[in-house]
Amino acid sequence: DDFLQILNVIKDSPQKSTILKDFYGCIRRNLWFDYFWKLFENNRMQGKNWIDLENEIKNVIERVDGVRANRGTEQYEGCSIENNIINPEKNVVISKKFDDMLWIDFQKFVLAFDIYLSIFVYNPDLVKAANRGNKVIISEQMPNIDHVMTFNYMDNYDILFPDIKPDNVCYLHGQLKYKTSIENGVVQDSSPLVLGFYANEGVSREGKLLRYQKIIQRTHNYLSSKYVSWFNATEKKNVFIVGHSLDMLDKDILLNSVFSASRMHTMFIKIFYHEEEVRWQLESNLINLIGVEDFQSTTYISKNIRFVKQNW
């Protein structure tokens with residue numbers, strides 16, 4: 001049934017055969033896809049959102065260190081993330097070949113993620129329709145927006161805020177490229193999307209493991225850091241930050257911009273949420289991010305940080 005739904009989405013696309021070939025080529029016998037699919041089938045996947053996928057990636061890479069001390073030359077055939085990393089059998093070794101395939105398959109998985117979002121999820125017509133229906137509400141809740149700092153991969157906010165210049169939108173995790181590439185006849189064998197985790201002190205800084213960390217991927221993929229100048233500017237700026245749950249996985253960016261020690265006490269910050277359950281999670285994440293003392297100071301005493309229910 002899932003495969004028929006996929007075919008229905010692309011049935012009129014002139015690139016249908018290319019899309020299917022590329023997507024299947026990325027997930028076939030892919031170490032990461034097979035591992036995530038097994039977690040999903042056994043109801044062992046953390047949470048419900050894509051950020052929970054990043055936590056699973058972090059979990060795998062952190063465990064690599066635990067079995068990395070045993071080096072060997074075993075054959076790649078039959079190896080898996082489950083058997084070689086998560087629940088390693090006695091005397092199991094991680095060979096260079098397995099190391100290399102883990103990274104190659106990760107890049108293929110990210111490209112498959114790009115294809116999936118570009119072709120099967122993203123629908124600009126629905127975004128435009130939502131914009132027309134909620135234009136007044138959006139302008140009331142978020143007036144005079146100068147810049148958009150987005151952790152999303154899709155350009156929804158280019159559509160929602162058409163008056164904002166492209167130079168004033170910063171995609172911190174990259175933009176979807178696959179659909180545009182194939183429509184222009186360009187073969188895409190990798191994706192510029194950032195999909196990984198924040199490097200804390202508990203994670204190895206060995207070269208091969210650094211590749212899975214967001215700060216390295218942003219640099220490697222030449223992603224823009226222009227948002228830094230927005231917060232360093234002397235004049236007042238209205239910066240709209242979207243697509244983030246305040247999770248620690250992007251601690252480096254959040255603490256160096258809006259939640260830096262100086263700015264969160266001098267700026268007025270609105271954090272939007274849809275449901276009360278989401279607000280509880282956002283508050284919990286913010287405490288983990290800035291600490292209990294700053295949380296109380298900014299949300300309860302000065303009220304520089306406010307949680308606002310989103311009405312659109």
Side-chain angles (χ1 to χ4, degrees), residues 47 49-58 61-62 110 113-114 117 142 145-158 161 164 166-176 191-203 205 209-233 237-273 278 281-291 294-295 298-299 304-305 307:
N49 303 313
W50 67 266
I51 199 163
D52 300 302
L53 188 67
E54 293 187 317
N55 277 313
E56 294 289 359
I57 294 168
K58 184 173 186 283
I61 299 305
E62 283 183 333
V110 175
F113 192 49
D114 192 331
L117 293 177
M142 293 170 292
I145 293 174
D146 299 309
H147 303 281
V148 174
M149 183 176 162
T150 176
F151 290 84
N152 287 339
Y153 302 118
M154 305 178 197
D155 61 356
N156 292 354
Y157 292 90
D158 289 32
F161 308 111
I164 297 179
D167 285 345
N168 290 345
V169 179
C170 186
Y171 288 86
L172 294 159
H173 287 168
Q175 285 179 272
L176 301 177
S191 172
L193 303 186
V194 168
L195 187 67
F197 56 91
Y198 171 73
N200 56 32
E201 294 180 358
V203 179
R205 296 188 179 276
L209 299 187
L210 286 173
R211 300 181 294 194
Y212 298 94
Q213 298 171 8
K214 287 185 173 183
I215 190 169
I216 299 297
Q217 292 178 17
R218 291 190 192 105
T219 301
H220 187 78
N221 294 342
Y222 302 103
L223 298 186
S224 173
S225 60
K226 57 188 174 184
Y227 70 92
V228 175
S229 64
W230 304 343
F231 293 97
N232 289 335
K237 299 283 186 181
N238 290 318
V239 181
F240 183 37
I241 302 173
V242 298
H244 204 274
S245 63
L246 307 182
D247 191 271
M248 294 287 282
L249 289 174
D250 287 303
K251 177 181 178 180
D252 56 326
I253 286 181
L254 294 172
L255 291 184
N256 287 323
S257 56
V258 65
F259 294 115
S260 69
S262 59
R263 296 187 188 102
M264 66 179 166
H265 290 284
T266 57
M267 299 173 63
F268 288 102
I269 302 164
K270 290 182 180 179
I271 300 172
F272 290 94
Y273 65 93
V278 174
Q281 186 61 55
L282 286 170
E283 290 173 333
S284 175
N285 289 351
L286 186 58
I287 289 173
N288 289 332
L289 187 68
I290 65 176
D294 278 331
F295 178 84
T298 55
T299 63
N304 281 27
I305 298 177
F307 289 85

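A quick note: this is a predicted structure, and the numbers were derived from the prediction, not measured.
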In the structure I gave you, are the side-chain heavy atoms of Met264 and Asp294 within less than 4.5 Å of one another anywhere?
yes

Under 4.5 Å between any side-chain heavy atoms of Thr298 and Leu286, yes or no?
no

Side chain to side chain contact (heavy atoms under 4.5 Å, CB included) between Ile253 and Lys214, intermediate numbers included:
CA-CA 10 Å; Ile253 286 181; Lys214 287 185 173 183; over 6 Å; no

Can you list everything that forms a side-chain contact (heavy atoms from CB on, under 4.5 Å) with Ile216? Sequence neighbours excluded, please.
Leu210

Please report the closest heavy-atom contact between Ser191 and Asn221, naming both atoms and the distance.
O-ND2, 4.5 Å

Please name all residues satisfying side-chain hydrogen bond (donor to acceptor under 3.5 Å, both in side chains) with Asn285, sequence neighbours left out, ordered by chain then number.
Gln281

Test of understanding: with side-chain hydrogen bond (donor to acceptor under 3.5 Å, both in side chains), list the residues that count as partners of Ser284, not counting sequence neighbours.
none

Out of curiosity, Gln217 CD to Leu193 CG, how far, rounded to the nearest 0.5 Å?
9.5 Å

Pairing residues for Asn256 by the side-chain contact (heavy atoms from CB on, under 4.5 Å) criterion, not counting sequence neighbours:
none

Nearest heavy-atom pair of Asp167 and Trp230: which atoms, and what distance?
O-CZ2, 4.1 Å

Answer whether the closest heavy-atom distance between the side chains of Phe231 and Ser260 falls below 4.5 Å.
no

If you compare all heavy atoms of Ile305 against all heavy atoms of Phe259, which two are closest, and at what distance to 0.1 Å?
CD1-CE2, 3.8 Å

Gap between atom CG of Leu254 and atom CD1 of Ile290 - 0.5 Å precision:
10.5 Å

Is there a side-chain contact between Val258 and Tyr227 (heavy atoms, below 4.5 Å)?
no

Residue among Val278, Ile269, Leu282 satisfying side-chain contact (heavy atoms from CB on, under 4.5 Å) with Phe307:
Leu282

Asn288: side-chain hydrogen bond (donor to acceptor under 3.5 Å, both in side chains) partners, not counting sequence neighbours
none

Check: Asp247 and Glu54 side chains under 4.5 Å, non-hydrogen atoms
no

Of all heavy-atom pairs between Met149 and Ser257, which one has the smallest distance, and what is that distance?
CE-OG, 3.6 Å

Tell me, do Asp252 and Arg218 make a side-chain contact under 4.5 Å, heavy atoms counted?
yes

Correct closest heavy-atom pair for Ser224 and Cys170 would be O-SG, 3.6 Å

Side chains of Gln213 and Phe197 in contact at under 4.5 Å (non-hydrogen atoms)
yes

Result of checking Asn152, Thr150, Asp250 against His173 for side chain to side chain donor-acceptor pair (under 3.5 Å)
Asp250

With Asn304, which residues qualify under side-chain hydrogen bond (donor to acceptor under 3.5 Å, both in side chains), at least two apart?
Ser302

Nearest-0.5 Å distance that lies between atom CG in Leu289 and atom CG in Leu255:
4.5 Å

Which atom pair, heavy atoms only, marks the closest approach of Leu172 to Leu223?
O-CD1, 3.5 Å

With His220, which residues qualify under side-chain contact (heavy atoms from CB on, under 4.5 Å), at least two apart?
none

For Leu117, which residues count as a side-chain contact (heavy atoms from CB on, under 4.5 Å) partner, sequence neighbours excluded?
Phe113, Val121, Tyr153, Met154, Leu176

